[in-house]
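Inspection log for the structure reproduced underneath, given as structure tokens.
Throughout, a chain's letter reflects where its sequence line sits, starting with A, and its residues are numbered from 1.
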Amino acid sequence: MFALVDCNSCYASCEQIFRPDLRNKPVVVLSNNDGCVVARTKEAKALGIPNIEPYFKVRHLLEKHKVAVFSSNYELYGDVSARVMTLLRELAPQVEIYSIDEAFLDLHGFQYHQMEHNWRDFATHIRSTIWQQVRMPVCVGIAPTKTLAKLANHIAKKSKKLNGVCVMDKLEDWEKVFRQLPVNKIWGVGRNLAARLSELDIHTVQDLRTQDSQLIQKQFSVSLSRTVRELQGINCLGFNEVPSNKQQIVVTRSFGERITTLEQLKETVSYYGRRASEKLRRQNSYAQAVSIFFETSVHDKGTRVFRQGCRELAYPSNDTRPIVELAVQIIESLYVHNQRYYRSGIGLLDLVDTNPHQHNLWDEEQSDKTTGLMQMVDKINRRFGRDSVLFGRNAGESPWAIKRELKSPDYTTRWSSVPKIKMR
DNA sequence: TCTGGGGTCCTAGGACCC
DNA sequence: TCTGGGGTCCTAGGACCC
């Protein structure tokens with residue numbers, strides 16, 4: 001079994017920890033520069049305040065209902081999150097932190113109070129512990145796969161009867177609910193997929209659950225076929241306790257006021273470059289390329305300007321100076337005068353984990369076993385004749401079969417290439 | 001007047017290689 | 001010995017997540 005523990009209206013709940021007088025009242029947290037609503041308590045939701053809504057559009061509503069409004073304080077949210085995650089590690093054998101407000105628990109082989117099917121009690125224990133120790137309200141979903149645990153968590157949030165806990169041990173018992181849940185509530189099914197599925201008359205969770213996963217793989221993708229199998233109770237997603245290093249690091253902001261000069265723009269990107277290289281050093285990586293962009297707002301008059309460029313660093317680095325220097329060069333080459341810029345950003349790409357000054361051929365081969373192996377096979381074949389290397393479980397099986405095998409729906413593909421430029 | 005800031009994985013297709 | 005099926009590597013772009 002897996003559990004998904006999710007903080008309720010995370011940022012808003014964090015603010016309430018320090019303002020107990022705001023318990024059970026509508027609270028809203030705004031994004032950087034107070035641009036958008038990014039979190040709201042259920043009382044605020046009930047007033048009809050949508051998420052990611054421009055502040056100015058809902059301001060009158062917030063004032064009318066005397067909603068408490070906070071500017072965001074990400075340091076605080078990070079602190080509270082860390083305390084929740086520490087508690088979870090004490091409560092469960094294996095924890096995968098999925099986002100600032102969510103974590104999966106792997107409960108395979110785990111027994112609560114020496115009892116095997118005591119999941120409801122366990123989940124309730126998690127809830128009350130986190131509430132008592134941190135004053136953070138959470139919901140818990142428990143199910144045989146991660147995708148189902150997500151769904152269970154969703155149900156736990158929606159249904160008042162369940163008291164924030166939903167356990168899906170016998171899937172047959174839930175078919176009635178699955179028939180009522182629209183397909184886009186499933187983790188991995190967004191707006192676009194939902195629309196395409198609807199054409200095939202697949203509208204509910206139950207509709208998707210009962211599809212043939214191979215057919216879905218042909219018509220859609222491996223990802224969706226995995227989702228189908230997960231919904232059937234077949235575990236297809238890995239569990240990563242140790243968070244892997246980021247493959248790209250991006251820092252973007254919209255400005256408080258429009259920027260109109262090259263100097264100002266360079267300043268913003270220098271600042272983002274510093275933040276980005278800090279993140280890079282924290283995970284001990286080196287960037288090989290820098291990408292920057294800046295743009296005017298879609299909401300402003302005139303034709304919209306969007307400029308973006310990517311260049312390779314002379315050598316892989318996580319030092320602020322070469323990164324910012326290159327970023328500034330790119331800006332200078334792309335800058336368009338007489339515009340009112342609305343936001344900019346920097347991306348550090350093609351990250352490598354090895355110290356570029358300590359090249360080690362053996363390590364490189366290890367780091368990409370597939371390539372290394374295939375090169376070796378080719379070398380031997382060239383010397384001793386084609387197909388002189390037999391490989392795989394069955395003699396005569398082609399070496400490439402290994403790769404195909406790893407691409408089966410039960411495993412995630414491990415060698416997607418890092419896109420060079422990945423910024424809007 | 002005022003509209004978030006990050007990430008991930010997958011696919012398709014072209015050039016090239018063995 | 002030679003072909004060619006099927007790899008690699010790369011990029012753009014789409015879709016998804018919180």
Side-chain angles (χ1 to χ4, degrees), chain A residues 4 6-7 9-11 29-39 50-60 71-72 74 77 81 97-103 146-147 150 184 186-196 217 220-227 237-238 240 243-258 272 275-276 279 297-300 310 340 342-347 349-350 368 370-382 385-387 398-404 407 409 412-424:
Chain A
L4 179 72
D6 190 318
C7 301
S9 345
C10 184
Y11 297 168
V29 177
L30 304 177
S31 65
N32 263 333
N33 299 323
D34 296 347
C36 272
V37 173
V38 291
N51 205 13
I52 317 296
E53 184 74 0
Y55 180 37
F56 74 89
K57 280 193 183 172
V58 288
R59 196 168 186 163
H60 64 284
S71 296
S72 44
Y74 292 101
Y77 312 148
S81 168
I97 298 173
Y98 179 67
S99 73
I100 191 161
D101 68 334
E102 268 176 73
K146 282 172 133 186
T147 306
K150 269 273 206 189
N184 68 335
I186 299 167
W187 187 34
V189 180
R191 220 184 340 136
N192 288 285
L193 275 177
R196 283 178 60 197
Q217 181 166 354
F220 294 86
S221 65
V222 235
S223 324
L224 194 62
S225 82
R226 282 185 197 126
T227 301
L237 305 174
N240 302 313
S244 42
N245 277 351
K246 298 270 183 282
Q247 299 175 30
Q248 52 181 57
I249 286 171
V250 174
V251 177
T252 22
R253 296 277 182 284
S254 35
F255 314 132
E257 289 168 11
R258 299 287 185 262
Y272 306 154
R275 297 288 88 82
K279 291 187 194 178
S297 171
V298 276
H299 306 287
D300 281 0
C310 179
R340 301 176 69 243
Y342 145 73
R343 66 170 188 165
S344 67
I346 186 169
L349 312 171
D350 283 357
D368 194 345
T370 322
T371 314
L373 199 60
M374 294 315 159
Q375 277 170 358
M376 202 154 66
V377 168
D378 274 330
K379 250 186 235 168
I380 297 171
N381 279 342
R382 229 171 303 152
R386 185 182 169 73
D387 294 334
S398 131
W400 320 112
I402 292 181
K403 176 149 185 182
R404 279 197 295 275
K407 218 172 173 174
T412 37
T413 320
R414 270 162 241 185
W415 42 68
S416 64
S417 58
V418 183
K420 197 104 180 174
I421 299 162
K422 203 63 181 261
M423 307 191 74
R424 267 173 289 169

side-chain contact (heavy atoms from CB on, under 4.5 Å) partners for Asp6(A), two or more places apart: Asp101(A), Glu102(A), Asn153(A), Lys157(A)
Sugar-phosphate, base or nothing in reach of Ile249(A), heavy atoms under 4.0 Å: sugar-phosphate
Sugar-phosphate only, base, or nothing, as touched by Ser254(A) at under 4.0 Å among non-hydrogen atoms: sugar-phosphate
Side-chain N or O of Gln247(A) closer than 4.0 Å to phosphate OP1/OP2 of dC9(B): yes
Ser221(A) side-chain N/O to Gln217(A) backbone N/O, donor-acceptor pair under 3.5 Å: no
Nearest heavy atoms of Val58(A) and Glu53(A), plus distance in Å: CG1-CG, 3.7 Å
Nearest-Å distance for atom pair OH/P, residues Tyr272(A) and dG5(B): 8 Å
Contacts of Leu30(A) that satisfy side-chain contact (heavy atoms from CB on, under 4.5 Å) - sequence neighbours left out: Val28(A), Asp34(A), Val37(A), Tyr55(A), Val69(A)
Shortest side-chain distance from Lys246(A), nucleotide among dT8(B), dT3(B), dC10(B): dT8(B)
N/O (side chain, Arg258(A)) to phosphate O (OP1/OP2, dT3(B)) under 4.0 Å: yes
Phosphate OP1/OP2 of dG5(B): any Lys279(A) side-chain N/O under 4.0 Å: no
Atom-to-atom span, CG of Asn51(A) to P of dG5(B) - whole angstrom: 14 Å
More than 12 heavy atoms of other groups within 6.0 Å of Arg59(A) CZ: no
Distances under 3.5 Å between nitrogen or oxygen atoms of protein and nucleotides 16-18 of chain C:
from, atom 1, to, atom 2, distance (Å)
dC16(C), OP1, Gly190(A), N, 3.0
dC16(C), OP1, Gly190(A), O, 3.3
dC16(C), OP1, Asn192(A), N, 3.3
dC16(C), OP1, Leu193(A), N, 2.7
dC16(C), OP2, Asn192(A), N, 3.3
dC16(C), OP2, Asn192(A), ND2, 3.0
dC17(C), OP1, Gly188(A), N, 3.0
dC17(C), OP1, Val189(A), N, 3.4
dC18(C), OP1, Lys150(A), NZ, 2.6
dC18(C), O3', Ser99(A), OG, 3.3
dC18(C), O3', Asp101(A), OD1, 2.9
dC18(C), O3', Glu102(A), OE2, 3.1

Heavy-atom closest pair, residues Val189(A) and Ala194(A): CG1-N, 4.0 Å
Short side-chain N/O contact to dG6(B) OP1/OP2 from Arg253(A), under 4.0 Å: yes
Ring geometry between Tyr11(A) and Tyr77(A) (parallel below 30°, tilted from 30 to 60°, perpendicular above 60°): parallel
Any Arg191(A) side-chain heavy atom under 4.5 Å of Asn184(A) side chain: no
For atom OH of Tyr74(A) and atom P of dG4(B), their distance in whole Å: 11 Å
Ring pair (Phe, Tyr, Trp, His ring centres under 6.0 Å) against Phe56(A), all qualifying residues, sequence neighbours excluded: none
Under-4.0 Å side-chain N/O to phosphate OP1/OP2 contact, Ser221(A) with dC10(B): no
Length of the CG-P vector between Leu224(A) and dG14(C), whole Å: 19 Å
Protein-nucleotide distance (Arg196(A), atom CZ; dT11(B), atom C1'), rounded to Å: 11 Å
Given DNA chain B, 5'-ward residue of the pair Cys36(A) and Ser223(A), judged by closest heavy atom: Cys36(A)
Residue Phe56(A), side-chain heavy atoms: nucleotide from dG4(B), dG6(B), dT3(B) that is nearest: dT3(B)
Presence of Tyr11(A) side-chain N/O under 4.0 Å of dG5(B) phosphate oxygens OP1/OP2: no
Residues forming a side-chain contact (heavy atoms from CB on, under 4.5 Å) with Asp300(A), sequence neighbours excluded: Arg258(A), Ser297(A), Arg340(A)
Closest non-hydrogen atom pair between Leu237(A) and Trp187(A), with its separation: CD1-CZ3, 3.7 Å
Runs of at least three Watson-Crick or G-U pairs with DNA chain C, cut-off 3.5 Å: B:5-18 with C:5-18
d(CD, Gln248(A); C1', dT11(C)) in whole Å: 14 Å
Gap between atoms NZ and P, on Lys57(A) and dC2(B) respectively (whole Å): 13 Å
Closest to the Asn32(A) side chain, choosing from dC10(B), dT3(B), dG5(B): dG5(B)
Integer-rounded Å distance: dG4(B) P and Asp34(A) CG: 12 Å
dT3(C) to dG7(C) separation - C1' atoms, rounded to the nearest Å: 15 Å
